[in-house]
Amino acid sequence: MNGLIDTHNRRINYLRISITDRCNLRCRYCMPKEGVSQFGHSEILSYEEILRVAALAVKRGIDKIRITGGEPLVRKDVVSLVEKLSGLTGVNDLSMTTNALLLRDFAADLHRAGLRRVNISMDSLDPQKYRQITRGGDLQKVWEGIDAARRVGISPIKINVVAIAGFNDREIEDFACLTLKDPFQVRFIEFMPIGDASEWKPEHCIPCHRIKERIERIAPLLPLTEGGNGHGGPARLFKFPGAAGEIGFISPVSEHFCQSCNRLRLTADGKVKTCLFSDELTDLKPLLRSGAGDEELGKKLDEALLSKPAHHGPIDGVMKRCHHPMVKIGG
Ligand code: SAM
């Protein structure tokens, strides 16, 4: 399959599907304390609708799919969706982003259904701080989820850490050292100016080059040119000599990677979003629900694909352009 080449000569092969805007956490940088208004039951796409869009996207060259949210594990019957998505011919890589609170109970079934790897969001190694940033999350449950995933053979396990100045910057070295003994890929992600709730300010964002400098004081970082254990995405990957795991840096703020952006997002309510830093959306739901055929729906999807901008413009204007919180977009 040749894949889809957009108008800026990028190969678009990656679809991130948000299956719910509900979450069992209330991370301070992601949503307000009271939560955000949620889509009604009939507003979110059914699994059949998601599968229809996914199948059309795969026909157009998407071969990599990520399930996200909200928290994907809170949606009923998520395992059945995983099974169907993993069964789509042409999908070579199916993954999920989760906070892992429910992963202990789901890991075996997810693996059986075809999920081979996960990204787990964990912004502190200190149970109290974790509870604080997530407004109530239990870090022990995250570790139980990680252990369960390892036991059933889900690999690699990537741990996503949003580095926030004044909050978890003291833990950068501890996170990096997790990779010494365990085969995790710990990825530091710059705090992005997304969503009104994030209360983002430039001084909160720690550029990845600074994080890397600090980690290099522990031991040299060896670059992994081949993407280490694969699926590196936009992360620049390194490893400590002899370490079991890897360390990644994702720098959407200090060093955008628009020129190699290969992704599309499908929101839980059926909208295609071609750039994370833009509120432009293409709504597929009216067609999905009015009996449109695959040709018509595919055309709409193509229109969205081809409207993907070359780049997202200056980062300091993003807050003004991008009001949807990550929980609604699907991070
Ligand atoms: N509930 C799942 C989870 O916790 O991984 C999936 C959805 S969550 C919105 C996806 C990711 O977005 C998380 O890793 C979260 O840390 C990240 N995220 C949310 N707001 C962000 C921001 N302003 N900057 C960087 N990452 C952000």
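When a ligand or atom number is given, it counts from 1 through the structure's own listing order.
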Does one side chain, of T20 or E71, offer a donor that lies under 3.5 Å from an acceptor on the other?
no
With sequence neighbours excluded, tell me which residues meet ring-ring contact (aromatic ring centres under 6.0 Å, His included) with F238.
F249
If the condition is salt bridge (charged side-chain N to carboxylate O under 4.0 Å, His left out), which residues does D105 pass it with, not counting sequence neighbours?
none
Taking the six-membered ring for Trp, are H312 and F277 parallel (under 30°), tilted (30 to 60°) or perpendicular (over 60°)?
perpendicular
Kindly give the cluster partners of L306, where membership spreads through any ILVMFWY side chain lying under 4.5 Å from a current member.
none
Within the 4.0 Å heavy-atom cut-off around ligand 1, the contacting residues, ordered by chain and number, are Y29, C30, T68, G69, G70, E71, T97, T98, N99, S121, V162, E190, F191, M192, M326, G331
Charged N to carboxylate O under 4.0 angstrom, K299 versus D302?
no
